[in-house]
Amino acid sequence: MTEHIITRIYNTTSEKFREELREDRRIELQELAAKLIPKPKVEYLTRKEVSKKLKIALSTVSEWDKVGILKPYRLGNLVRYKSDEVDAALIAINK
């Protein structure tokens with residue numbers, strides 16, 4: 001014996017129901033598209049590059065590491081800085 005499932009929708013027209021379904025699909029597609037957009041590639045800078053970009057001495061870069069103005073990322077003996085974090089630090093210093 002086959003069972004039939006019937007769903008009844010009250011207080012709406014067929015056009016309103018279709019529009020709600022379309023809106024739900026739009027929202028789901030936007031969420032999916034947001035997940036599929038590639039993240040921007042992180043650019044890492046050397047100490048020299050940071051010094052040159054900010055027009056400061058290498059010793060100042062080291063001092064800013066110690067006081068927490070810049071956040072260094074260490075890979076063994078290598079020290080790198082994220083470009084966007086360097087820009088944010090410069091903005092914070094100017095405030």
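Distance alone, capped at 3.5 Å, places no donor-acceptor pair between the Glu63 side chain and the Thr60 backbone. Ser83 places no side-chain N or O within 3.5 Å of a backbone atom of Tyr44 that could act as its donor or acceptor partner.
With salt bridges taken as basic N to acidic carboxylate O contacts below 4.0 Å, one links Glu15 and Arg18. Salt-bridge annotation for Arg47 and Asp65: present, with a side-chain N of the basic residue lying under 4.0 Å from a carboxylate O of the acidic one. Using a cutoff of 4.0 Å between basic side-chain nitrogens and carboxylate oxygens, Glu19 and Arg22 are scored as salt-bridged. A salt bridge is absent between Glu49 and Lys52; no separation between the charged side-chain nitrogens and carboxylate oxygens falls under 4.0 Å.
Between Leu29 and Arg26, the closest side-chain pair of non-hydrogen atoms is not below 4.5 Å. Side-chain contact between Ile27 and Glu23: present, with at least one pair of heavy atoms (C-beta onward) separated by less than 4.5 Å. For the pair Trp64/Val50, no side-chain contact is recorded, criterion being any heavy-atom separation below 4.5 Å from C-beta on. Residues Tyr81 and Thr46 fail the side-chain proximity criterion, which asks for heavy atoms closer than 4.5 Å.
The shortest heavy-atom contact between Leu45 and Glu43 is CD2-OE2, 3.7 Å. Between Ser51 and Ala57, the shortest heavy-atom contact is OG-C, 3.8 Å.
Among residues two or more places apart in sequence or in another chain, the side chain to side chain donor-acceptor pair (under 3.5 Å) test is passed with Thr12 by none. With sequence neighbours excluded, no residue forms a side chain to side chain donor-acceptor pair (under 3.5 Å) with Glu31.
Leu70 and Val67 fall within the same hydrophobic cluster, where Ile, Leu, Val, Met, Phe, Trp and Tyr residues are linked whenever their side-chain heavy atoms come under 4.5 Å apart, directly or through other members.
The local environment of CG in Asn11 is sparse, with at most 12 non-hydrogen atoms from other residues, nucleotides or ligands closer than 6.0 Å.
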Indicate every side-chain donor-acceptor pair of residues 85-92 with a distance under 3.5 Å to a residue at least two apart or in another chain.
from  : atom 1 : to    : atom 2 : distance (Å)
Glu85 : OE1    : Tyr73 : OH     : 3.2
Glu85 : OE2    : Tyr73 : OH     : 2.8
Asp87 : OD1    : Lys53 : NZ     : 2.9

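The structure places CD1 of Ile93 at 7.0 Å from CG of Leu54, a figure rounded to the nearest 0.5 Å.
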